[in-house]
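Order of the sequence lines fixes the chain letters, A, B, ..., with proteins taken first and strands second; residue numbering starts at 1 for each chain. Values below: all heavy atoms of this structure, side chains included; hydrogens, waters and symmetry mates excluded. Computed from a predicted model, the values in this text were never measured in an experiment.
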There are 2 protein chains.
Amino acid sequence: MTSPHLSPLCRAVDGHVQRPRAPTGAHRALKRFTCQLASRGPGAIGVAARVALVHKPPQRATLADVARLAGVSAKTVSRVYDGSTNVSPDTRRRIEDAAERLHFRPNLLARSLRHGGVSTAVGFVLGDLTNPFYVKVAAGMERELSRSGLTMVLGATEDDPAEEHRVVGTFLAQRVRALALVPIADDQSYLERERGLGTPVVTVDRPARNLLADSVLLDDREGTAEAVRALTRLGHRRIAFVCDPAHLYTHVERLAGYREALREAGVEDTSAWERLDDPPGQGTEASILGLMDMAEPPTAIVTGNNKASAALVRALGPMRDDLAYVGFDDFDLADAIGFSVVAYDTVELGRMVARRVLARLDDPAGAPVHVRMPTHLVPRGSGERPPPK
Amino acid sequence: MTSPHLSPLCRAVDGHVQRPRAPTGAHRALKRFTCQLASRGPGAIGVAARVALVHKPPQRATLADVARLAGVSAKTVSRVYDGSTNVSPDTRRRIEDAAERLHFRPNLLARSLRHGGVSTAVGFVLGDLTNPFYVKVAAGMERELSRSGLTMVLGATEDDPAEEHRVVGTFLAQRVRALALVPIADDQSYLERERGLGTPVVTVDRPARNLLADSVLLDDREGTAEAVRALTRLGHRRIAFVCDPAHLYTHVERLAGYREALREAGVEDTSAWERLDDPPGQGTEASILGLMDMAEPPTAIVTGNNKASAALVRALGPMRDDLAYVGFDDFDLADAIGFSVVAYDTVELGRMVARRVLARLDDPAGAPVHVRMPTHLVPRGSGERPPPK
DNA sequence: CTGTTAGCGCTTTCAC
DNA sequence: GTGAAAGCGCTAACAG
């Protein structure tokens with residue numbers, strides 16, 4: 001019965017004495033049953049056994065199974081997989097053969113547990129997976145992390161502060177190695193302890209509140225200021241700024257850049273041109289149409305994000321040429337419709353987040369590092385028109 | 001020294017005898033050191049100790065730590081966290097208090113290992129994180145999975161077959177509970193074994209090759225056919241189809257739908273109107289300009305995906321009204337520029353993938369299930385123009 | 001309702 | 001260069 005012709009997985013079953021109380025005891029008993037039948041030839045498997053076989057699949061081969069088949073100790077097999085060089089070429093080959101035959105895959109769960117209980121995943125908590133900004137950041141992160149053998153786990157808060165706590169909690173329970181976070185809750189002090197416990201936190205797009213964490217942000221203020229300066233240089237003075245919602249950190253910064261640049265050009269009071277929170281239920285399109293209906297309408301509009309830019313296109317049509325406009329954030333087809341924007345490399349931003357995570361893992365101590373990713377003006381026609389005479 | 005006033009984490013240190021050979025022995029020794037200093041008051045921590053404390057952070061509290069503080073056994077604490085009701089309210093409160101004080105978080109890694117070595121994550125292997133289609137699918141999946149307490153791990157193949165193997169391998173090593181996959185390799189038979197080992201596979205957007213797996217696809221063929229039928233009903237006969245690359249499953253299907261609908265309208269030979277692989281180095285815009293340069297140019301164009309639609313806008317401008325056109329895939333601002341499309345609910349598709357995963361986890365046996373998500377024509381102007389007389 | 005014991009699959013320490 | 005024993009944090013089985 002314990003003949004050498006039994007399949008490797010069946011051999012593992014013979015080790016039953018060594019693992020008498022596995023939680024999946026039923027599985028194992030069943031496995032032995034079906035394997036025994038199988039050793040009589042496939043035709044001997046009854047219907048019940050076949051159904052059971054499908055319902056309770058065979059176990060994966062473990063390191064011990066490989067060791068047994070290769071005739072070495074578990075530790076030696078382990079050495080082959082943790083990059084140790086202290087294995088003779090001959091032994092190594094035997095082990096690799098055995099592993100191949102058993103389709104062995106090291107269990108990262110077990111390895112992580114043994115290795116200080118920390119997984120190889122980095123959590124990224126973002127607002128919304130349908131927002132192209134967050135997702136391109138995630139793409140950059142993933143590329144950079146995978147080069148270091150780390151994976152990325154994504155969680156969405158749907159811009160709900162309570163969800164931030166829930167998702168972060170799940171990730172911490174999974175023992176992510178680090179946490180990247182687009183903060184939405186009012187307060188991230190609850191993460192201070194985790195940082196102290198060795199889980200670095202890097203915030204993305206917005207700074208953390210009440211938490212000493214690294215951050216990777218855009219240069220929101222300078223980006224908008226540059227756009228407005230280009231317009232004032234062309235002679236524009238009646239420049240509007242459209243953004244919603246106004247309270248978000250990035251939007252506050254962009255508004256500040258707008259005001260700053262207009263003040264430089266001698267325009268002190270911009271309040272008449274600011275549309276910061278859209279009329280409830282009507283949205284940004286209404287704000288923009290309202291601006292154009294003014295007695296003295298603006299000669300240029302700066303939008304605070306890509307949603308506002310889309311609203312502008314919807315409100316005024318794709319190629320309105322009696323008005324100058326520049327949008328924060330690049331977007332698909334902006335080139336095709338000649339929409340000038342304040343752009344930045346979103347994927348690179350994600351890579352930078354990953355690099356901060358890696359650097360922080362290498363050096364958990366030290367003051368928080370804050371990175372501002374640069375923006376640049378992309379002229380495409382809509383932002384280079386002087387005001388009408 | 002073992003006074004009750006020592007912090008809980010320091011108490012854990014007193015259990016040193018119980019875990020004498022932890023792999024992080026250095027950490028623990030260090031922890032004891034700093035804790036002892038700390039018990040003399042924070043001011044007594046020397047510079048070296050403080051640096052060391054930061055470099056080698058204290059350990060997380062474990063279930064055993066909580067049990068010790070609450071004066072119960074580990075198993076009882078465990079019962080509180082696995083949803084057992086067999087704990088007296090009083091004990092439960094004591095445990096919860098202790099857990100709170102120690103900031104205890106159950107270690108999902110350990111739990112997963114004990115639970116048959118399967119994690120709570122579902123892997124989704126997609127082509128490219130910057131592609132909005134895949135990402136919206138991921139968004140839908142994530143929403144549905146999180147309702148069942150599962151998380152999602154994302155991996156990108158960058159459309160490289162070798163990467164598919166690598167990413168899938170990583171996920172399997174992490175013992176994902178199931179695998180969703182946009183296949184890119186020629187052959188997925190390597191996953192047959194994993195399925196047999198209890199890891200369900202659901203393919204997305206394209207069927208698997210040589211693997212019995214569930215799939216969630218779009219109704220590509222009918223989607224294109226519907227668009228073409230609407231055009232033939234308006235009188236169009238010279239209808240072009242632009243798509244690249246031609247070999248992809250979805251594109252093959254969409255082409256078939258195009259041909260089918262034109263055949264229904266009496267047009268047998270469509271080869272002159274098909275632009276299936278763009279001129280190398282020049283892209284889809286060149287294909288489209290080439291079509292319009294023909295002696296008898298098409299009166300309508302159907303694009304095979306959103307990239308081709310974008311190329312059409314770039315080649316012909318955003319509001320070309322002497323030509324009818326319809327695109328497969330909806331895209332941002334398509335409404336603003338009056339671009340009619342064959343649309344579908346991408347997020348819902350993702351939810352459906354998640355539901356297939358969950359169903360398959362419940363019932364690993366049974367024949368593969370194939371789902372086709374419906375598409376629908378969204379009229380926005382560009383597709384409802386009759387041909388010029 | 002609660003505790004004891006053993007072990008998931010792996011890696012660590014230490015001995016050979 | 002290799003092996004034996006122990007245990008990471010948690011939970012299943014089985015007592016009491």
Side-chain angles (χ1 to χ4, degrees), chain A residues 12 15-28 59-68 70-92 94-95 102 104-119 173-175, chain B residues 12 15-28 59-68 70-92 94-95 102 104-119 173-175:
Chain A
H16 193 257
V17 177
Q18 293 167 40
R19 12 186 202 188
R21 280 211 206 165
T24 45
H27 291 210
R28 292 200 184 273
Q59 301 287 308
R60 256 172 224 284
T62 72
L63 202 143
D65 296 328
V66 176
R68 221 169 295 135
V72 295
S73 79
K75 178 58 206 165
T76 307
V77 180
S78 171
R79 273 191 263 261
V80 171
Y81 289 93
D82 69 357
S84 248
T85 46
N86 291 341
V87 180
S88 76
D90 193 65
T91 312
R92 167 169 254 120
R94 277 219 320 288
I95 289 171
L102 297 178
F104 169 68
R105 282 181 200 281
N107 186 331
L108 250 59
L109 244 39
R111 189 199 295 238
S112 292
L113 179 61
R114 192 65 247 258
H115 201 92
V118 171
S119 82
Q174 290 183 15
R175 298 299 191 265
Chain B
H16 193 256
V17 177
Q18 293 168 38
R19 13 186 200 188
R21 280 209 208 168
T24 45
H27 292 209
R28 293 201 182 271
Q59 301 286 309
R60 255 173 227 285
T62 73
L63 203 142
D65 295 329
V66 176
R68 221 168 296 134
V72 296
S73 79
K75 179 61 202 164
T76 307
V77 180
S78 172
R79 273 191 262 263
V80 171
Y81 288 94
D82 69 358
S84 257
T85 45
N86 292 340
V87 180
S88 76
D90 195 64
T91 312
R92 168 168 252 121
R94 277 219 320 289
I95 289 171
L102 297 178
F104 170 68
R105 282 181 198 283
N107 186 332
L108 250 60
L109 245 37
R111 188 198 297 235
S112 293
L113 181 59
R114 192 64 242 264
H115 256 116
V118 171
S119 82
Q174 289 183 16
R175 297 299 191 266

Mind checking the CG-CZ spacing from A/Leu113 to B/Arg114? Nearest 0.5 Å is all I need.
-> 12.0 Å
So how far is it from A/Leu109 CG to B/Arg111 CZ, rounded to the nearest 0.5 Å?
-> 12.5 Å
Quickly work out the [X] [atom1] to [N] [atom2] distance and round it to whole Å.
X: A/Arg105; N: C/dC10; atom1: CZ; atom2: C1'; result: 17 Å
X: B/Leu109; N: D/dG9; atom1: CG; atom2: C1'; result: 9 Å
X: B/Gln174; N: C/dG9; atom1: CD; atom2: C1'; result: 16 Å
X: B/Arg60; N: D/dG9; atom1: CZ; atom2: C1'; result: 13 Å
X: A/Lys75; N: D/dA6; atom1: NZ; atom2: C1'; result: 13 Å
X: B/Leu113; N: C/dT11; atom1: CG; atom2: P; result: 12 Å
X: B/Asp82; N: D/dA12; atom1: CG; atom2: P; result: 6 Å
X: A/Asp65; N: C/dG9; atom1: CG; atom2: P; result: 8 Å

Between [X] and [N], does any side-chain N or O lie under 4.0 Å from OP1 or OP2?
X: A/His115; N: C/dT12; result: yes
X: A/Ser78; N: C/dT11; result: yes
X: B/Thr91; N: C/dT2; result: yes
X: B/Ser88; N: C/dT2; result: yes
X: B/Ser73; N: C/dT4; result: no
X: B/Thr62; N: D/dC8; result: no

For [X] and [Y], work out which heavy atoms get closest and say how close.
X: B/Val66; Y: B/Ile95; value: CG1-O, 3.9 Å
X: B/Val87; Y: B/Arg92; value: CG1-N, 3.7 Å
X: B/Ala61; Y: B/Phe104; value: O-CD1, 3.4 Å

Hey, which of these two, B/Val87 or B/Ala110, hits DNA chain C nearer its 5' end, going by closest nucleotide?
-> B/Val87
What's the closest nucleotide to the [X] side chain, out of [options]?
X: B/Arg114; options: D/dG3, C/dT2, D/dC10; value: D/dC10
X: A/Asn107; options: C/dG9, C/dT11, D/dC10; value: C/dG9
X: A/Leu63; options: C/dT4, C/dC8, C/dC10; value: C/dC10
X: B/Arg79; options: D/dG3, D/dA12, C/dG3; value: C/dG3

Axis bend over the full length of the helix from C/dC1-D/dG16 to C/dC16-D/dG1, computed from five pairs that close each end, to 10 degrees = 30°
Checking all strands, does A/Ser112 fall into the base, sugar-phosphate, or nothing category for heavy-atom contacts under 4.0 angstrom?
-> nothing
Any sub-3.5 Å donor-acceptor pair from B/Arg94's side-chain atoms to B/Ala70's backbone N or O?
-> yes
Check whether any side-chain N or O of B/Ser119 sits under 3.5 Å from a backbone N or O of B/Arg175 as a donor-acceptor pair, and report yes or no.
-> yes
Is any side-chain heavy atom of B/Val118 closer than 4.5 Å to a side-chain heavy atom of B/Ser112?
-> no
